[in-house]
Amino acid sequence: MANQTILPNYYNGKWMIADSGEKLEVRNPANGELISYVPLSSRNTVDEVANCARKAFSEWRRTPVTKRIQYLFKLKDLLEENLEKIAQTITDECGKTIHESRGELRRAIENVEVACGAPLNMQGYNNEDIATGIDEIMIRQPIGVAAVIAPFNFPAMIPFWFMPYAIATGNTCIIKPSERVPNTMNIIFELIDQLDLPDGVINMVHGDHRVADAILEHPEINSISFVGSTPVAKIVYEKAAKHGKRVQASGGAKNPIILLPDADPEMSTRIVADSAFGCAGQRCLAASLAITVGEARKTFREALGEKASSINVGYGLDESVEMGPVITQQSRSRIESLIDEGTSNGAKILVDGRNPEGPAFRGGNFVKPTILEDMQPNNPLVRTEIFGPVLSMMHAETVDDAIKLINSGDYGNMACLFTSSGASARKFKYEAEAGNIGINIGVAAPMAFFPFSGWKDSFFGDLHGQGKNAFEFFTRQKVVVERWPDTWTRTF
Ligand code: NAD
């Protein structure tokens, strides 16, 4: 990509140059090349965006739902037609492989498809004659202006956990992409621009935490859908609540998987390695702690070590590459110092992916797959989100000990079990304290028609993204009790 200009915002149906003059560089994490500049928009711009989204709301909510979803059908077609171009942009600015970028877009499109079910999914319910001649109905109405604050690791998919549902149910929407990966949404907004939506229905404002702050405090914005790290999710949850907004805030993760001795060795190794090292470990559903039970220790130590060493790392546009770089140089340094911290607290290095050498890695933020073993429960790394291609291995004597260890953690995004025993699987499903559970699955990412169910410090709020929860989050329930004189005595 050669467009090294300052990206515009998009609101009121137009591309708008940000007024602040402040900007950040966006660089390709695989080679350090400058891709573009992202504007750090001002509070004033957020005000303009929020006001135009508010203005658009009154007409948009009156647009029949059957008509509103027609725009989404068209958006799906445009996303399909432009899939390759968007996928390349994701790879260029986010670093994941082209296969992962295509997969991410498929997930985004799936959410558009599910949101097209709004005519059925936003229905209310009713009872006739709750007393003689009196009826009661519950109607779902849109909440107003919905804002989305997104993280860097899924620049296309995560805004789509929210935006299609928000507009299908009659809200207008503002997206603030991550300032580290702003180009993907700009390309998607080129498609949104072709939809001929009424002005102000879908808007985008670029910027950093100051733009997020202005969104959280703006009186014309009614709901916040946030995804990012746990410390920020906590801030967002509190600030949005303080300003009277409905809020759903997804946070970070430290996802454990248990490997039992009866797990299929070959399949489990492949799946666990993909979970730990896919997207360079920068998935909120990445396995980062493998707990072996009994004899599984020896089997998986060797198999995972071999697999991690064989992964082809490089620039993700090369179709043969299996893992790309991490997002920034700072991220790379943070990951490397966390590996040091793990070893200085007693862990041993089974596979060391630090400082890879060779022309393919020059200028990029590469850390190759890394495995730490003999991790003890008191090692701080057991509880720290690394968000890089690092798998820590530890051992438990029994499945009960392993589940106890999992449940003692602060996060609850995902927990997985690898086994061929139905009884162990049932126990795990029943007892593990996480919102997304995988049984012989390494990335238990719910389909768009199920909620993305983080628990504990991985989620703050009540209603999650996707699925029926999304239709509930973006609508308010109104209950009407009605009586019409004469109707209880008249015969028709
Ligand atoms: P981040 O928290 O640094 O940033 C997320 C968004 O919040 C960005 O748009 C950023 O501009 C904004 N922001 C930053 N500081 C803020 C502040 N003080 N107030 C308000 N807004 C602020 O997260 P990231 O590094 O972009 O993304 C990685 C994190 O996201 C990881 O922790 C990962 O686990 C998590 N994540 C979670 C899920 C999930 O579903 N639970 C999904 C994807 C990523």
Side-chain angles (χ1 to χ4, degrees), residues 107 110 114 161 227 230 248 250-276 278 283-297 299-300 303-304 375 377 382-383 385 391-470 472:
R107 283 300 179 108
E110 191 185 292
V114 173
W161 283 354
V227 181
T230 289
Q248 48 185 187
S250 297
K254 180 79 191 176
N255 302 307
I257 53 149
I258 301 178
L259 292 156
L260 294 187
D262 61 5
D264 179 297
E266 200 199 315
M267 178 192 77
S268 309
T269 301
R270 186 170 34 81
I271 295 175
V272 172
D274 176 61
S275 175
R283 271 196 289 231
C284 65
L285 296 180
S288 57
L289 191 62
I291 308 168
T292 52
V293 173
E295 289 302 299
R297 182 188 219 158
T299 316
F300 286 106
L304 282 167
M375 191 65 71
V382 170
R383 316 233 168 267
E385 180 178 41
L391 179 67
S392 300
M393 296 192 72
M394 57 194 303
H395 187 69
E397 286 309 316
T398 64
V399 69
D400 287 289
D401 291 346
I403 293 175
K404 207 178 284 169
L405 192 76
I406 288 178
N407 291 349
S408 68
D410 295 330
Y411 295 108
N413 220 30
M414 180 186 81
C416 302
L417 177 76
F418 288 79
T419 184
S420 53
S421 150
S424 302
R426 184 172 191 279
K427 179 183 178 63
F428 183 75
K429 279 190 282 185
Y430 198 86
E431 293 181 8
E433 291 181 9
N436 300 295
I437 298 288
I439 305 291
N440 297 314
I441 295 286
V443 181
M447 298 292 283
F449 31 93
F450 284 93
F452 196 101
S453 278
W455 280 14
K456 296 163 84 175
D457 276 1
S458 297
F459 183 75
F460 304 92
D462 306 301
L463 296 167
H464 294 88
Q466 301 196 144
K468 288 181 187 157
N469 271 201
E472 288 173 40

A.B. asks: Using a 4.5 Å cut-off on heavy atoms from C-beta on, say whether the side chain of Ile439 contacts that of Phe428.
C.D. replies: yes
A.B. asks: In Å and rounded to the nearest 0.5 Å, what is the CD to CZ distance from Glu110 to Phe449?
C.D. replies: 5.5 Å
A.B. asks: Establish, from distance only, whether the side-chain atoms of Ser275 and Arg283 form a donor-acceptor pair under 3.5 Å.
C.D. replies: no
A.B. asks: Are any non-hydrogen side-chain atoms of Gln248 and Asn469 less than 4.5 angstrom apart?
C.D. replies: no
A.B. asks: Contact between Ile406 and Ile291 at the side-chain level, heavy atoms closer than 4.5 Å - yes or no?
C.D. replies: yes
A.B. asks: Roughly how far, to the nearest 0.5 Å, is the CZ atom of Phe418 from the CD1 atom of Ile257?
C.D. replies: 5.5 Å
A.B. asks: Considering residues at least two apart in sequence or located in another chain, which fulfil the side chain to side chain contact (heavy atoms under 4.5 Å, CB included) criterion with Glu433?
C.D. replies: Asn407, Trp455, Lys456
A.B. asks: Of all the heavy-atom pairs spanning Leu289 and Leu391, show the shortest one and how long it is.
C.D. replies: N-CD1, 3.9 Å
A.B. asks: Does the side chain of Leu417 come within less than 4.5 Å of Ser424's, by heavy atoms?
C.D. replies: yes
A.B. asks: May I ask you to test the Val114-Gln466 pair for a side-chain heavy-atom distance under 4.5 Å?
C.D. replies: no
A.B. asks: Say you draw a straight line from CD of Glu385 to CG of Asn413; how long is it, rounded to the nearest 0.5 Å?
C.D. replies: 8.5 Å
A.B. asks: Other residues, nucleotides and ligands only: do more than 12 of their heavy atoms fall within 6.0 Å of CZ on Phe450?
C.D. replies: no
A.B. asks: Looking at every non-hydrogen atom in both residues, tell me the closest pair between Thr299 and Pro265 and how far apart they are.
C.D. replies: CG2-CB, 4.0 Å
A.B. asks: Enumerate the residue pairs fulfilling side chain to side chain donor-acceptor pair (under 3.5 Å) with a member in residues 253-271, sequence neighbours excluded, ordered by first and then second residue.
C.D. replies: Asp262-Thr419
A.B. asks: Grab the two heavy atoms, one from Phe459 and one from Ser250, that are nearest each other, plus how far apart they are.
C.D. replies: CD1-OG, 3.6 Å
A.B. asks: Working to the nearest 0.5 angstrom, can you tell me the gap between Arg297 CZ and Glu397 CD?
C.D. replies: 7.5 Å
A.B. asks: Which heavy atom in Ala445 sits nearest to a heavy atom in Leu285, and how many Å separate them?
C.D. replies: CA-CD1, 3.4 Å
A.B. asks: Write down the atom of Ala402, the atom of Ile258, and the distance for their closest heavy-atom approach.
C.D. replies: CB-CD1, 3.5 Å
A.B. asks: Going through the checks in order, is the side-chain contact (heavy atoms from CB on, under 4.5 Å) test met by Val399 and Ile403?
C.D. replies: CA-CA 6 Å; Val399 69; Ile403 293 175; 4.2 Å; yes
A.B. asks: Can you confirm whether Phe452 sits close enough to Cys284 that some side-chain heavy atom of one is under 4.5 Å from a side-chain heavy atom of the other?
C.D. replies: yes
A.B. asks: Check the surroundings of atom CZ in Arg426: do more than 12 heavy atoms from other residues, nucleotides or ligands lie under 6.0 Å from it?
C.D. replies: no
A.B. asks: Do Ile271 and Asn440 come close enough that some side-chain heavy atom pair is under 4.5 Å?
C.D. replies: no
A.B. asks: Where do Ala432 and Ala415 come nearest, in terms of heavy atoms and distance?
C.D. replies: CB-CB, 4.4 Å
A.B. asks: Looking at Glu295, I want to see if its CD is surrounded by more than 12 non-hydrogen atoms of other residues, nucleotides or ligands under 6.0 Å.
C.D. replies: no
A.B. asks: Atom CD1 in Ile441, atom CE in Met414: separation rounded to 0.5 Å?
C.D. replies: 10.0 Å
A.B. asks: Decide yes or no for His395 and Met375: does some side-chain heavy atom of the first lie under 4.5 Å from some side-chain heavy atom of the second?
C.D. replies: no
A.B. asks: At what distance, to the nearest 0.5 angstrom, does CZ of Phe300 lie from CG of Leu259?
C.D. replies: 5.0 Å
A.B. asks: Judged by atom type as modelled, is there a donor-acceptor pair below 3.5 Å linking the side chain of Thr230 to the main-chain atoms of Gly251?
C.D. replies: no
